[in-house]
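To start, the structure under review is shown below, and the notes come after it.
Computed from a prediction, not measured in an experiment: that's the story for all the values here.
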Amino acid sequence: MSTLQTLKTFISQRLAVAVEEISGLLETTISNYEEEISRQRRLLSNERSVSQIHTADMQQALKFRVVIHHEIKKITFQNGLPSSVEDLIKVFKQAFSITTEIGLQYKDTDFDDFFTLTSTSDLKDKDTLKVVHISPGLLKSTVPQEHNHDTSDMSPVDDLPSVDSQDPVIHSPLATDRRNLWPAVFPIPVFSYNTEMALQQGNDIFLKDGTLLTSQSVKSDILERLAEAMFSYTAYPNDPQRTAVAHALIERHPCLREPGSYNGCDGWQQSLKYKCANYRSKLKAHGNPELMINTLKHKQECDRKPAKNIKKPRKSEVNYYPPHPAGETDDSLENTRLELISASKSRDNSQMMNDMMSRTYSCRRREVVGQSMQVAQFYERWPALFNPAQINEEFRRCNTIPLESTFMSQLDKFTSKFLQLFSSKGGAVGQRMKGFMTELRQDQHVSVVKKRDVILRCLIEYLGESVPELISDYYRTAETKVHQDLQAESMRIYVCQQPDAVGIIIDGTPVMTDLDNLPKACCLLLGLTYALNLDYPPKFAKTFEVFQRLFVGLDMLQPKQTSKFISLKNKLFT
């Protein structure tokens with residue numbers, strides 16, 4: 001028993017020692033875990049602080065220079081950039097009242113050229129962004145409505161135009177070659193590898209000792225590529241456009257400056273003139289319709305002189321005389337036109353009509369440009385065109401930009417400036433304008449549409465033209481009687497009250513009726529001059545010049561701006 005008792009005592013002692021060792025080990029392990037947890041908590045807290053500081057830095061106000069067609073604008077993000085490019089595009093479309101599908105490009109400082117934006121992390125404060133219009137694949141429509149925007153809470157844009165009406169946006173694939181207007185800054189293309197190497201070396205030498213590059217082979221390649229790039233915007237570039245390209249070339253490659261030239265690029269401008277003519281001659285051999293229409297064999301006998309009656313864009317049309325869509329012929333498009341006449345009698349097939357109108361755009365241009373078809377005959381052949389939605393869409397096909405939203409937003413943008421100018425005008429013109437503005441002074445809460453109406457009437461008088469010769473006002477007169485009174489007029493807008501009616505008459509034909517108001521009629525009348533390839537009325541050349549250049553932003557490089565327009569523009573931008 002003594003031996004058993006001794007064994008029990010030994011086991012008890014060893015177990016007690018083991019328990020103490022295990023307890024000590026547990027205490028040490030738990031202590032270590034608690035210290036590690038505390039350390040991890042301190043690290044996590046520090047990371048959160050750094051992240052908050054970084055987020056605060058990232059959400060500081062960011063400003064960007066934005067290039068949209070011929071305009072340079074600014075946009076400010078007070079709370080940082082959106083997380084994705086798609087969200088950023090949505091902000092741009094809302095801020096600048098853009099209804100077409102767009103993409104964004106940013107100017108890279110390393111290459112001094114625009115690249116497609118794929119991530120907002122590529123952007124830095126005060127970068128330059130370029131809005132690029134792309135061909136949409138889906139058809140969307142919005143219901144036109146009138147409402148007031150409170151831009152103070154909606155957008156971070158410094159210069160956001162207010163838009164109180166939105167025209168229907170009908171997106172369908174364009175049956176055209178060109179997609180963009182002439183750019184504000186012409187993008188110099190990439191030349192052949194040999195030429196690029198020679199230019200790089202020439203620029204380095206020029207920066208060192210001012211030696212210019214005079215290689216004829218390099219010049220030939222440059223002119224060929226520039227002519228090709230210019231043709232992608234217009235087949236007949238004018239002098240200011242060629243000069244703009246020459247300036248952009250020597251800015252990009254200073255080694256190409258010309259010695260003895262007052263601006264360093266006058267010789268390039270002349271060379272581009274001849275190179276573009278040679279390039280057109282090459283394309284004529286391939287049957288380009290925009291050029292073939294001006295060949296002698298396609299002219300009438302009385303016009304068979306090289307420089308007589310050249311059919312080319314006069315009002316900055318982008319797609320002036322496009323080719324037929326791939327796989328389409330004159331016969332197939334004529335069948336589509338007949339289907340359109342039947343479809344226009346129904347209201348439930350707008351999508352099909354939009355697709356057919358887009359497909360037959362080239363066919364319509366052949367009639368209004370090539371055949372100089374009369375308005376009444378054209379109205380019978382294309383009844384589907386003469387409604388506000390399709391005039392807006394036809395203008396987009398021709399010029400790639402929305403008509404009504406752009407026109408109205410620019411009109412609203414200059415409202416306060418216009419009112420200041422008109423109020424300060426004296427003489428007989430001032431008295432006539434004060435008569436128009438009486439209602440605005442009497443009613444402080446007058447509608448936006450009424451403001452636009454008054455401004456457009458005053459603008460015509462301010463430019464030295466006569467309102468009654470463009471706008472006929474009637475009171476308690478039936479619309480049919482109005483049509484009879486105006487059947488001898490070449491171009492007229494009529495506004496009737498009691499009963500209310502607004503419409504447009506061209507060459508005695510009432511081409512559009514049931515319009516909402518005078519501003520919309522003026523906007524659509526501009527669209528009709530493009531859709532029907534009409535010249536501006538000589539008596540209202542200044543008014544339509546303002547519509548085209550100021551309200552729509554087209555043809556800013558055309559050389560012969562009138563002194564009246566230049567004076568008005570200077571006063572508006574002062």
Side-chain angles (χ1 to χ4, degrees), residues 66-73 89 92-105 129-137 139-142 144 157 159-163 165-186 232-234 241 313-320 322 354 357-358 361 365 385 388-414 519-520 522-533 544-558:
V66 183
V67 179
I68 307 177
H69 299 313
H70 302 295
E71 295 186 284
I72 306 295
K73 295 191 176 185
I89 289 176
F92 269 66
K93 292 176 71 173
Q94 176 187 357
F96 298 115
S97 302
I98 299 174
T99 57
T100 56
E101 295 297 324
I102 62 171
L104 294 177
Q105 297 179 348
L129 292 171
K130 182 179 180 181
V131 174
V132 180
H133 290 267
I134 59 178
S135 178
L139 180 144
K140 305 176 183 177
S141 64
T142 57
V157 182
D159 188 16
L160 177 63
S162 62
V163 181
S165 67
Q166 188 176 8
D167 56 334
V169 182
I170 306 171
H171 294 314
S172 54
L174 287 175
T176 61
D177 280 339
R178 300 189 179 97
R179 296 289 187 267
N180 297 308
L181 295 168
W182 185 273
V185 178
F186 191 86
S232 68
Y233 296 103
T234 177
Q241 289 171 330
R314 308 290 181 182
K315 304 188 295 289
S316 191
E317 296 94 335
V318 177
N319 295 299
Y320 180 72
N354 296 331
M357 288 291 289
S358 179
Y361 174 67
R365 297 306 288 182
L385 174 65
Q390 285 301 331
I391 291 298
N392 277 281
E393 185 64 5
E394 192 81 347
F395 190 86
R396 187 185 68 84
R397 296 182 190 108
C398 187
N399 296 299
T400 76
I401 60 175
L403 171 61
E404 193 171 341
S405 60
T406 305
F407 187 100
M408 297 303 178
S409 65
Q410 289 297 98
L411 177 58
D412 293 343
K413 175 181 177 180
F414 294 108
K520 186 168 187 176
C522 290
C523 173
L524 295 176
L525 181 58
L526 176 67
L528 283 168
T529 62
Y530 281 85
L532 304 178
N533 193 40
F544 278 87
E545 182 182 18
V546 174
F547 288 175
Q548 176 189 323
R549 288 176 166 155
L550 184 64
F551 292 166
V552 184
L554 290 173
D555 209 14
M556 300 306 291
L557 286 179
Q558 199 66 359

With side-chain contact (heavy atoms from CB on, under 4.5 Å) as the criterion, how do Leu104 and Val132 come out once you've worked through the C-alpha distance, each side chain's angles and the decisive distance to 0.1 Å? CA-CA 6 Å; Leu104 294 177; Val132 180; over 6 Å; no
Working note: Gln241 + Thr234, criterion side-chain contact (heavy atoms from CB on, under 4.5 Å); need CA distance, chi angles, decisive distance, verdict. CA-CA 10 Å; Gln241 289 171 330; Thr234 177; 3.9 Å; yes
side-chain contact (heavy atoms from CB on, under 4.5 Å) between Leu525 and Phe544, intermediate numbers included: CA-CA 10 Å; Leu525 181 58; Phe544 278 87; 3.7 Å; yes
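Closest heavy-atom contact between Ile401 and Phe395: O-CD2, 3.6 Å. Taking all atoms of both residues into account, the shortest heavy-atom contact from Cys398 to Glu317 is SG-CG, 3.5 Å. Residues Ala531 and Ile391 share a closest heavy-atom pair of CB-CD1, 4.4 Å. Nearest heavy atom pair, residue Tyr361 against residue Asn319, reads OH-O, 2.7 Å. Residue Pro519 comes nearest to Phe407 through the heavy atom pair O-CE2, 4.3 Å, listed as atom of the first residue, atom of the second, then distance. Looking at every heavy atom in both residues, Arg365 comes nearest to Pro322 through CG-CD, 3.9 Å.
Between atom CG of residue Leu524 and atom OG1 of residue Thr529 there is a gap of 11.0 Å, rounded to the nearest 0.5 Å. Taking CG of Leu403 as the start and CZ of Phe551 as the end, the distance is 12.5 Å to the nearest 0.5 Å. Going from atom CZ of Arg314 over to atom CG of Asn533 covers 9.5 Å, rounded to the nearest 0.5 Å. With values rounded to the nearest 0.5 angstrom, Cys523 atom SG is found 12.0 Å from Gln410 atom CD. Between the CH2 atom of Trp182 and the CG atom of Asp555 there is a distance of 12.0 Å, given to the nearest 0.5 Å. Taking CG of Asn180 as the start and OG1 of Thr400 as the end, the distance is 6.5 Å to the nearest 0.5 Å.
With sequence neighbours left out, the side chain to side chain donor-acceptor pair (under 3.5 Å) criterion links Glu545 to Arg549, Thr562.
Residues Tyr530 and Leu554 are in side-chain contact: their nearest non-hydrogen atoms beyond the backbone lie under 4.5 Å apart. Counting heavy atoms from C-beta outward, Glu393 and Met357 have side chains that stay 4.5 Å or more apart.
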